[in-house]
Amino acid sequence: MRQCQEWQRKLYDAGWAGISWPEAHGGRGGTAAQARIFAREQAFFEVDTGVFAVGIAMVGPTLMTRGTSEQQERYLRPLLRGDEVWCQLFSEPGAGSDLAGLRTRAERDGDEWVVNGQKVWSSGAHHSDLGILLARTDPDAPKHRGITYFVLDVRSPGVEIRPLRQINGVAHFNEVFLTDVRIPHANVVGDVDGGWAVAHTTLANERNLIGGGTAIGFRDFLRLAQGVGGTDDPILRQRLAAAFMRFEVIKYLGLRVQAGARRGGAPGPESSVLKLAVSRHVALNGDLALALEGPAGALLHDDAPYGGFWQQQFLGQWGVRIGGGTDEVQRNVIGERVLGLPAEPRPDKTVPFRELVES
Ligand SMILES: Cc1cc2nc3c(=O)[nH]c(=O)nc-3n(C[C@H](O)[C@H](O)[C@H](O)COP(=O)(O)OP(=O)(O)OC[C@H]3O[C@@H](n4cnc5c(N)ncnc54)[C@H](O)[C@@H]3O)c2cc1C
């Protein structure tokens with residue numbers, strides 16, 4: 001965490017943080033392609049900016065397009081400088097794929113909002129300073145229309161954070177309980193009850209973030225294969241060739257999404273195509289890595305080759321396939337918005353949320 005922050009600060013001071021961000025917000029005013037090239041080069045060194053991913057890739061673009069000038073002034077530079085870490089407080093025990101079904105309530109009290117509810121799967125909340133939070137502010141409106149988007153100081157009284165341990169042994173995400181938490185009205189992003197549109201901006205950027213893939217490249221698989229003699233095995237050679245092609249296809253899908261962004265459009269269904277392709281790619285890569293390691297692939301942690309690095313990649317695949325919208329949900333988006341298939345029946349879309357909860 002500290003090393004991450006120090007590196008982010010160094011990047012900021014040298015003008016390399018936020019390469020594609022406007023100069024007015026502390027960025028370099030460059031292009032997304034330049035940012036990608038820098039990220040690829042950075043991946044060759046043992047430096048990490050992962051804790052800032054939510055902030056830089058999701059919160060930044062949302063505040064730049066949807067925030068007030070006061071919010072932009074207050075939050076964007078500290079974020080880029082690495083002073084403040086952000087988390088995303090959207091999902092709830094009963095609201096993941098159906099995020100608009102969220103039940104956390106926010107009620108207005110003068111210049112403040114009082115929030116009660118529970119969030120879950122909140123990545124990095126335990127080391128965050130600030131969070132983007134969705135809460136229901138009008139239960140009498142249909143479910144997508146009565147939601148407001150807030151900035152929450154995670155250290156506020158009434159916020160309780162409990163880490164959750166995952167399949168790979170790491171406690172990456174958390175349950176977050178909110179009890180009479182007070183948020184100033186100035187922290188509303190966008191319109192009151194208009195948070196769904198703001199959330200869309202965040203979620204599309206999240207898909208692009210996950211679609212950006214991991215720092216692992218084909219060269220890492222080749223090195224692993226050469227180390228275990230896998231390049232002599234005809235079946236493994238075929239799988240390596242297929243992996244190479246996937247890496248290339250995903251590179252071009254990423255460029256396509258970037259080109260769309262350069263034309264000024266909000267990320268569209270192509271980000272679902274990218275996200276789905278990456279999640280499939282990560283799953284196949286996990287299988288390939290363990291196949292290359294052979295029987296030793298069944299070991300874990302320090303007993304395994306490379307300290308269990310590839311086992312972590314294998315076990316991490318489910319996170320990529322679920323987080324930021326599951327594979328099935330991406331398929332729904334592609335089916336409806338790319339292929340023009342009939343829409344999923346959504347009879348609850350026009351019903352007041354209160355009636356859905358009571359029924
Ligand atoms: C690694 C990771 C990090 C995460 N980080 C965060 C975070 O920081 N902040 C945050 O708010 N959330 C976070 N999440 C939560 C994530 O957004 C949700 O897990 C995700 O949206 C799925 O919701 P769910 O877990 O409630 O599953 P559910 O929505 O209950 O889905 C269960 C199953 O039903 C399927 N399903 C659901 N609806 C449909 C449908 N309409 N059509 C077809 N199939 C369907 C799903 O594909 C899935 O297989 C994270 C998740 C992971 C795995």
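As the structure lists them, so they are numbered: ligands from 1, and atoms in each ligand from 1.
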Taking 4.0 angstrom as the limit, do [X] and [Y] come out as a salt bridge?
{"X": "Arg77", "Y": "Asp83", "answer": "no"}
{"X": "Asp193", "Y": "Arg145", "answer": "no"}
{"X": "Asp13", "Y": "Arg81", "answer": "no"}
{"X": "Arg237", "Y": "Asp233", "answer": "no"}

For residues 25-38, which side-chain N or O atoms pair as donor and acceptor with protein atoms under 3.5 Å away, sequence neighbours left out?
from	atom 1	to	atom 2	distance (Å)
Arg28	NH1	Gly15	O	2.5
Thr31	OG1	Gln34	N	3.1
Gln34	OE1	Thr31	N	2.9

Could Arg162 and Phe177 be counted as a cation-pi pair, given that NZ or CZ must be under 6.0 Å from the ring centre and within 45° of the axis?
-> yes

Chain-and-number sorted residues having a heavy-atom contact under 4.0 Å with ligand 1 are Gln88, Phe90, Ser91, Gly96, Ser97, Trp121, Ser122, Ser123, Phe173, Gly319, Ile322, Gly323, Gly324, Thr326, Glu328, Asn332, Glu344

